[in-house]
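Beneath this line is the structure, given in structure tokens, with notes to follow.
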Amino acid sequence: MSTPRGATAVSRETGGYQVPSLGYRILVAALRLIPSFFLLVALPVAALSFVNSRGIALPISTTAVLVWGLVLLALGTVRYIAKPTRAYGPLMIATSFVSLLYLVYALGLSPYRVVVPGGSASITAGYSMFLEVAMIIPTIGILVGLLTTVEDARTPEERLPFDFPA
Amino acid sequence: MAALVVPTHRQPPAIYRLARALRWVSTIVLVVLIIYAGTVAYSAVEVARSSAQARSLSASFASNGTVEITGSFTLSNPGLYPIQGFALTARVANGAGILLGTLGVGPAEIAPSTTGVFPIALYLPVSASGPAESLLTEDQYLSVNAWGNATYAYLFPLSVSLSETRFWGAPFEGLQLSVGAPSIAGGTTTVPVTLTFANHAASADSGTITFLIESSNFVDCGGGSFSLAVPAGGFYDQTQNAVLSPGCPLAGGELLTTYSNGGGTIPLPPEALP
């Protein structure tokens, strides 16, 4: 059957939207992992290793950064794959909540005191205010997750035409 | 079977629009914070590379009986963000750990791409028999402790503490005045007085050291003066005769000395006579 001009052929009729297949979503989620892994794991771990190799004590252990980063990556990936489902809102809340916990954990490590090799000088840097500002992001994420959960509960699939326009 | 789908143009529900707006805000905040963090890290590295410096420190005798150490403290800020509330306090203690003096800088703001130059002055009173008196006649290591505070890039409070020892070369290291045996010639009693010291300071000793021979019952027996022109690192060893008052007993007395230059007069530690 041919498709007329101005119309879109979809594999699944969903009333004006097209939900990508599970395989496609997994593929895109895997591609999204690359920059996310760089930002959340590779870059921080590389920076910490660089600092550590110069004999300067670390503000946070590389293991902690690795674990927190991998947990966030896993949650973010699952959240993306689950976007067309009702699990999306709760997963967004979970991801944002874990991000918030990560920031609270880092907040507990502030200020960072580094002793200059040789021991004659020390520098103490506080980054609490920066982290508190950064907490805006997961806080908003939790709000968005709550709104999405409520929306999905009230009118399931209502958002799908706008999240996955045909 | 393929289906025909007519594009929908209806308005998203309010709750969806609110969530979408919040997502946008969150994304914008995230991008701004990433750019901010990156530029802060870059700027902080630039500031660290420029390294603060204390320049042209010089010590001199001031008119009010103090050794005055002056110079300037320079802090460059080649970064993109201001250094706010910069303040520095330093305490200097002598070799025995006794506080000699303090100095302070700021609080001040150093704007991006500028250099803050702060004059510093430390006054060490040496005229009284206080802890700084030994600076005149004893080489020693001074203990310098400094604390600094500032806020960088609006959100990052910083504090720096520095502790180090600095060698102090005394301008009259090993100062010694010795009195020889009195001699009588033509009814006048004279006594040879020898002054020795080494100038370990960075600048020359110029001026006059005046001595007064005081008996054990505080009577002035006589005195004299030595003219100084001792370069940094030089040694001084001169003898001259002082005329004594008739019958003045030297035993148990003291040699009182003062150093005078264009800046003023500073008493030096007294020496007991045998």
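Since the structure is predicted, the reported quantities are computational estimates derived from the model, not experimental observations. Order of the sequence lines sets the chain letters (A, B, ...), proteins ahead of strands, with each chain counted from 1.
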Shortest non-hydrogen contact between B:P13 and A:F162, atoms and distance
CD-CE1, 3.6 Å
Closest heavy-atom pair and its distance - B:S26, A:I137
OG-CG2, 3.4 Å
A quick test of your reading: do over 12 heavy atoms of other residues, nucleotides or ligands sit less than 6.0 Å from CZ of A:F50?
no
For A:F164, does the CZ atom sit with more than 12 other heavy atoms under 6.0 Å from it, leaving out its own atoms?
yes
Heavy-atom pairs under 4.5 Å with chain B - which of A:M129, A:R159, A:E151 has more of them than the others?
A:E151
Should we say atom CZ of B:F235 is surrounded by more than 12 heavy atoms from elsewhere, each under 6.0 Å from it?
yes
Apply side chain to side chain contact (heavy atoms under 4.5 Å, CB included) to the pair B:Y16 and A:E158, showing each step before the final yes or no.
CA-CA 9 Å; B:Y16 181 88; A:E158 182 187 48; 5.8 Å; no
Look at B:R23, B:R20, B:E164 and state which one has the largest set of heavy-atom pairs under 4.5 Å with chain A.
B:R23
Taking all non-hydrogen atoms of both residues, which atom of B:L22 and which atom of A:I140 are closest, and how far apart?
O-CG2, 3.2 Å
Locate the shortest heavy-atom distance separating A:L147 from B:I15; write the atom from each residue and the value.
O-CD1, 3.6 Å
Quick one: what part of B:Y154 sits under 4.5 Å from any heavy atom of chain A, side chain, backbone, both or neither?
backbone
What distance separates A:L131 CG from B:L155 CG, expressed to the nearest 0.5 Å?
10.0 Å
Contact class of A:V133 relative to chain B, heavy atoms under 4.5 angstrom:
both
Atom OH of A:Y105 with >12 non-hydrogen neighbours under 6.0 angstrom
yes
Does CH2 belonging to B:W24 count more than 12 external heavy atoms closer than 6.0 Å?
no
Residue pair A:A134 / B:L33: nearest heavy atoms and the distance that separates them:
CA-CD1, 3.4 Å
In terms of heavy-atom pairs under 4.5 Å with chain A, which of B:L158, B:T151, B:N149 leads?
B:L158
